[in-house]
Chemist: 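Below you will find the structure I want to go over with you.
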Amino acid sequence: MLIKKSKDSLAILTDVVLPGETNALNNLFGGELLARMDRAGSISAQRHSRNIVVTASVNHVVFRKVIPVGSVVTIEAKVSRAFNSSMEVYVDVWIEDRKTGDLTKVNEGIYTFVAVDRLGSPVKVSAIKPETDLETERFEGALRRKQLSLLLSGRMEAKDATELKALFEE
Ligand SMILES: CC(C)(COP(=O)(O)OP(=O)(O)OC[C@H]1O[C@@H](n2cnc3c(N)ncnc32)[C@H](O)[C@@H]1OP(=O)(O)O)[C@@H](O)C(=O)NCCC(=O)NCCS
């Protein structure tokens with residue numbers, strides 16, 4: 001199967017935060033942001049696999065800074081590593097300064113998507129070739145995060161989590 005570049009899976013969503021999407025402090029509601037991140041991530045996974053994809057797991061999310069109503073939010077999603085049928089997708093969230101246009105990173109999430117056929121059965125996806133330093137760093141940590149996710153969801157036994165164990169043995 002063709003090896004694809006991480007950058008070719010890039011999906012960028014830019015949208016504004018409206019009053020109906022906020023919490024009592026007039027900042028973007030967390031669940032609304034997660035949904036937007038999921039949407040961007042699924043487009044990225046679809047671009048890489050050229051297939052139907054489903055969200056298998058949300059592995060990690062950090063809400064670093066609040067996103068006030070009226071903010072212009074840009075979500076960038078890119079496949080960091082592809083395994084057999086699953087793909088790890090990194091989702092970075094930025095807000096834009098109205099006057100200067102400067103971007104501030106406010107949030108980050110790591111999702112797992114699985115490519116499936118029309119019956120929902122997993123199908124094989126192409127491997128990823130990282131190019132930049134950041135892509136390489138994310139690629140190299142992906143197997144460890146996959147094992148952690150499988151362990152937490154009861155899909156892997158601790159004795160089989162070789163990459164995780166290596167982390168503690170260093
Ligand atoms: C995700 C799903 C397709 C997995 O199907 P399955 O029959 O269990 O298939 P498998 O066990 O072969 O897993 C398929 C891949 O997903 C990976 N996977 C499954 N659960 C995972 C998890 N919690 N974390 C990380 N990877 C996971 C497996 O490791 C495997 O990866 P690989 O093929 O790259 O090695 C299936 O559970 C599903 O359809 N879930 C519902 C998805 C959905 O509806 N999402 C939207 C939420 S509303």
Side-chain angles (χ1 to χ4, degrees), residues 6-49 53-83 86-98 100-114 128 130-156 158 161 163-168 170:
S6 189
K7 71 175 180 203
D8 292 335
S9 67
L10 179 65
I12 303 176
L13 292 187
T14 300
D15 204 354
V16 69
V17 177
L18 298 174
E21 297 158 343
T22 59
N23 60 21
L25 295 174
N26 290 324
N27 298 317
L28 182 61
F29 181 61
E32 170 65 28
L33 181 59
L34 289 176
R36 293 186 189 191
M37 292 168 76
D38 195 23
R39 217 166 285 154
S42 71
I43 294 168
S44 171
Q46 188 175 297
R47 280 191 178 147
H48 177 73
S49 66
V53 298
V54 294
T55 314
S57 158
V58 180
N59 299 337
H60 180 70
V61 180
V62 185
F63 294 105
R64 284 193 205 173
K65 294 192 171 134
V66 297
I67 304 177
V69 67
S71 298
V72 171
V73 182
T74 296
I75 300 178
E76 290 187 6
K78 212 159 48 163
V79 175
S80 42
R81 185 155 178 178
F83 295 95
S86 67
M87 294 154 277
E88 181 187 80
V89 178
Y90 249 86
V91 185
D92 297 304
V93 184
W94 310 81
I95 55 173
E96 185 177 321
D97 184 275
R98 188 178 295 122
T100 63
D102 291 346
L103 296 175
T104 303
K105 175 119 177 240
V106 288
N107 188 307
E108 179 177 298
I110 307 171
Y111 285 63
T112 299
F113 292 88
V114 175
I128 277 277
E131 292 178 307
T132 66
D133 287 349
L134 182 61
E135 286 172 2
T136 304
E137 184 190 318
R138 290 177 169 183
F139 178 93
E140 285 173 353
L143 180 56
R144 187 167 65 234
R145 290 187 291 274
K146 178 178 166 75
Q147 291 188 348
L148 180 60
S149 179
L150 292 173
L151 199 63
L152 290 174
S153 60
R155 286 172 162 262
M156 177 178 264
E163 285 284 310
L164 273 181
K165 278 199 282 191
L167 201 61
F168 295 103
E170 275 170 9

Chemist: Would you say T55 and D38 are linked by a side-chain donor-acceptor pair, where the criterion is simply a distance under 3.5 Å?
Modeler: yes

Chemist: Output yes when a side-chain donor or acceptor of S44 lies under 3.5 Å from a complementary backbone atom of A11, and no otherwise.
Modeler: no

Chemist: Below 4.5 Å, heavy atoms only, C-beta onward: do H60 and R145 meet side chain to side chain?
Modeler: no

Chemist: If we only count heavy atoms from C-beta on, is the F63 to L34 side-chain gap below 4.5 Å?
Modeler: yes

Chemist: Please check this pair: side chain of S9 against backbone of V79, looking for a donor-acceptor N/O pair closer than 3.5 Å.
Modeler: yes

Chemist: Using modelled atom types only, decide if a donor and an acceptor are shared between the side chain of E21 and the backbone of L18 within a distance under 3.5 Å.
Modeler: yes

Chemist: When you compare the side chain of V93 with that of K105, does any pair of heavy atoms fall below 4.5 Å?
Modeler: no

Chemist: Could you check whether any side-chain N or O of R81 sits under 3.5 Å from a backbone N or O of R138, counting only pairs where one atom can act as donor and the other as acceptor?
Modeler: no

Chemist: Looking at V16 and R36, what are the two nearest heavy atoms and their distance?
Modeler: O-NH2, 3.3 Å

Chemist: Does a donor on one side chain sit under 3.5 Å from an acceptor on the other, for D133 and T136?
Modeler: no

Chemist: Say you draw a straight line from NZ of K146 to CG of L164; how long is it, rounded to the nearest 0.5 Å?
Modeler: 12.5 Å

Chemist: Of the non-hydrogen atoms in M87 and A45, which two are nearest, and what is the gap between them?
Modeler: SD-O, 3.5 Å

Chemist: Please examine the side chains of D92 and I75, heavy atoms only from C-beta on, and report whether any two atoms are closer than 4.5 Å.
Modeler: no

Chemist: For the CG atom of N23 and the CD atom of E32, what is their distance to the nearest 0.5 Å?
Modeler: 11.5 Å

Chemist: Would I67 and V73 count as a side-chain contact (heavy atoms from CB on, under 4.5 Å) here? Give the steps.
Modeler: CA-CA 8 Å; I67 304 177; V73 182; 3.6 Å; yes

Chemist: Measuring only between side-chain heavy atoms, which start at C-beta, is N59 closer than 4.5 Å to Y111?
Modeler: no

Chemist: When rounded to the nearest 0.5 angstrom, what distance separates CG in L148 from CD1 in I110?
Modeler: 10.0 Å

Chemist: When you measure from the side chain of Q147 to the backbone N and O of E163, does any donor-acceptor pair fall under 3.5 Å?
Modeler: yes

Chemist: Nearest 0.5 Å please: distance from the CD1 atom of I43 over to the CD1 atom of I12.
Modeler: 11.0 Å

Chemist: Should V89 and T112 count as side-chain neighbours, where that means a heavy-atom distance under 4.5 Å?
Modeler: no

Chemist: Taking atom CZ of F83 as the centre, report whether more than 12 heavy atoms of other residues, nucleotides or ligands fall under 6.0 Å from it.
Modeler: yes

Chemist: Measure the spacing between CZ of R47 and CG of L10 and express it to the nearest 0.5 Å.
Modeler: 7.5 Å

Chemist: Say you draw a straight line from NZ of K65 to OG1 of T104; how long is it, rounded to the nearest 0.5 Å?
Modeler: 6.0 Å

Chemist: With a 4.5 Å heavy-atom cut-off, do V106 and W94 have their side chains touching?
Modeler: no

Chemist: Quick one: does S153's side chain have a donor or acceptor within less than 3.5 Å of a partner on S149's backbone?
Modeler: yes

Chemist: Can a side-chain donor-acceptor contact be found between S80 and E88 if the only test is distance below 3.5 angstrom?
Modeler: yes

Chemist: Start with the C-alpha gap between F113 and S42, add the side-chain angles, then the distance that decides, and say whether side-chain contact (heavy atoms from CB on, under 4.5 Å) holds.
Modeler: CA-CA 7 Å; F113 292 88; S42 71; 3.6 Å; yes

Chemist: What are the two closest non-hydrogen atoms of G41 and V91, and how far apart are they?
Modeler: CA-CG2, 4.4 Å

Chemist: If you compare all heavy atoms of I95 against all heavy atoms of S71, which two are closest, and at what distance to 0.1 Å?
Modeler: CG2-CB, 4.1 Å

Chemist: Check I128 against S6 and note the closest heavy-atom contact, atom names and distance.
Modeler: CD1-CA, 3.7 Å

Chemist: Other residues, nucleotides and ligands only: do more than 12 of their heavy atoms fall within 6.0 Å of CZ on R98?
Modeler: no

Chemist: Between the side chain of E135 and the main-chain N/O of T132, is any donor-acceptor distance below 3.5 Å?
Modeler: yes

Chemist: Considering only heavy atoms from C-beta outward, does the side chain of E108 approach that of V61 to under 4.5 Å?
Modeler: no

